[in-house]
Amino acid sequence: MKKILTIQDISCVGKCSLTIALPIISAMGIETRILPTAVLSTHTLFPGFTFRDLTEDIPKIADHWQSQNLDFDAIYTGYLGTTEQIDLIIDLISRFKNPDNIVIVDPVMGDGGKLYPGFDQEYAKAMKKLVGYGDIIMPNLTEVALLLDRPGIYESYTKEDIEQALNDLCAMGCSKAMITGVSLNEDRIGVYYHDKENGLFEFIENEKIENHFHGTGDLFASTIVGGLMRGLSLARAIELAEYYVVTCIKATIADATHSWYGVNFEGHIKDLLNRLESYLQQ
Ligand code: PXL
């Protein structure tokens, strides 16, 4: 069984980061080891959330893992708590990177054209450094604007702008970059990706649903990580993730009693696994 390490916060309530990555990647048949970066009472869209910073534990945990000769088939980073933490995560990646494993960086910083509460330009600057350590990166358009200092790209873009941005993201160090939430036509939205090694650009679209739900970026990233670890190509993993996220959003909208803070992903893990198995049999 492949084993990964995912580095993100625990939001006790809110369905995001580790409370999505752990169940989803485990359900997909991958051992999921975790490094919690912070413990929050809720995600940061709730007013008045608490925040316990776990920065000082990170080097001690990494030392212990090294003493036990632990290794990982992938390291997947998501929401990190502080700017200082980013340097510690870079150090951890340098210690556990080897020729056989991959590093997947979801540079979680913001959405809807804005940074998440608590993050500033310093954090965005540090995230540019972390992105340089990723083999695969997956920013949304808000994060692309911050990583490339191209604020306009969130508001409007052409296919050529997206391909240029993907080239520029790969120039930061990764071999594969994808941009999530790209919409080149009114009723479609999807992921545009670039593989620097073979020069391929591909846009994998799906239907666009106007509602916005929190945590869907984490759901998407976790499904991609699980799919890749089960041996899917990046394109197939993206298709799988889009299918699962769209299924969960539709189910959430259809349930009039749904919570405002996250999607119903729990009810559709079976659909995800059925679709995964069908891809694996092709
Ligand atoms: O979904 C990204 C995310 C993760 N963790 C926390 C968040 C957010 C987005 O707001 O607040 C704590």
Side-chain angles (χ1 to χ4, degrees), residues 4-25 32 34-55 57-58 75-86 88-89 104-124 126-127 130-131 134 136-147 154 178-181 189 191 209 211-226 241-242 244-246 248-249 252 258-266:
I4 68 128
L5 167 65
T6 182
I7 308 174
Q8 319 190 31
D9 71 282
I10 296 180
S11 289
C12 300
V13 174
K15 304 205 221 189
C16 66
S17 39
L18 281 183
T19 60
I20 284 188
L22 194 46
I24 295 304
I25 303 172
T32 309
I34 63 168
L35 178 53
T37 55
V39 179
L40 292 82
S41 52
T42 62
H43 66 47
T44 59
L45 258 65
F46 284 81
F49 59 88
T50 69
F51 187 98
R52 160 81 59 183
D53 182 355
L54 299 177
T55 303
D57 293 69
I58 292 173
I75 299 173
Y76 153 40
T77 72
Y79 183 104
L80 308 173
T82 61
T83 305
E84 182 196 354
Q85 220 168 59
I86 295 184
L88 293 174
I89 302 302
I104 300 161
V105 175
D106 183 0
V108 177
M109 288 190 277
D111 203 1
K114 287 199 289 257
L115 283 161
Y116 290 132
F119 291 157
D120 56 16
Q121 290 301 326
E122 276 305 299
Y123 188 82
M127 195 53 98
L130 177 62
V131 157
I136 302 178
I137 66 168
M138 45 176 97
N140 62 28
L141 277 164
T142 304
E143 292 152 355
V144 171
L146 291 158
L147 291 172
Y154 174 73
M178 58 190 113
I179 302 178
T180 60
I189 191 160
V191 176
I209 305 168
N211 300 52
H212 175 80
F213 287 102
H214 211 64
T216 49
D218 300 332
L219 201 57
F220 181 82
S222 298
T223 308
I224 300 245
V225 171
E242 289 188 4
Y244 184 43
V245 171
V246 168
C248 295
I249 293 176
T252 307
H258 74 249
S259 57
W260 63 269
Y261 53 79
V263 285
N264 171 359
F265 72 91
E266 301 88 338

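Since this is a predicted model, take the numbers as computed values, not measurements. Here, residue 1 is the first one in the sequence, and each next residue gets the next number. Numbering of ligands and ligand atoms starts at 1, following listing order.
In this model, a donor atom of one side chain and an acceptor atom of the other lie less than 3.5 Å apart for Thr6 and Gln8.
Taking every non-hydrogen atom of Leu40 and a distance limit under 4.0 Å, the qualifying atoms of ligand 1 come out as 12 (C). Short contacts between ligand 1 and Thr44, defined as distances under 4.0 Å to a heavy atom of the residue, involve ligand atoms 7 (C), 10 (O), 11 (O). Heavy-atom proximity to Cys16, at under 4.0 Å, picks out these atoms of ligand 1: 1 (O), 4 (C), 5 (N), 6 (C). Ligand-side atoms of ligand 1 in range of Ser11: 6 (C), 12 (C), range being under 4.0 angstrom from any heavy atom.
Of the candidates Val39, Thr50, Thr42, Cys12 forms a side chain to side chain contact (heavy atoms under 4.5 Å, CB included) with just one, namely Val39.
The nearest heavy-atom contact from the protein to atom 3 (C) of ligand 1 is Tyr79 CD1, 3.6 Å.
At a 3.5 angstrom cut-off on N or O pairs, Tyr116 does not count as close to ligand 1. Considering backbone and side-chain atoms alike, Asp218 places an N or O below 3.5 Å from some N or O of ligand 1. Backbone and side-chain nitrogen or oxygen atoms of His43 are examined, and none is located within less than 3.5 angstrom of a nitrogen or oxygen of ligand 1. Below 3.5 Å of separation, one finds an N or O of Asp9 facing an N or O of ligand 1.
Side-chain atoms of Gln85 come within 3.5 Å of backbone atoms of Thr37 as a donor-acceptor pair (strictly under, hydrogens ignored).
Between His43 and His214, the angle of the ring planes lies from 30° to 60°, which puts this pair in the tilted group. Under the 30°/60° scheme for interplanar angles, the aromatic rings of Phe119 and Tyr123 are found to lie parallel.
Side chains of Trp260 and Leu45 form a contact here, defined as non-hydrogen atoms less than 4.5 Å apart. Residues Glu242 and Thr223 have side chains not in contact (no heavy-atom distance under 4.5 Å, counting atoms from C-beta outward).
Within the 4.0 Å heavy-atom shell around ligand 1 one finds His214. Taking a 4.0 Å cut-off on heavy atoms, Gly217 fails to register as neighbouring ligand 1.
Contact annotation for Asp111 and ligand 1: no heavy atom of the residue comes within less than 4.0 Å of the ligand.
Interatomic distance, CG of Leu35 versus CD1 of Ile89, reported as 5.5 Å (0.5 Å rounding).
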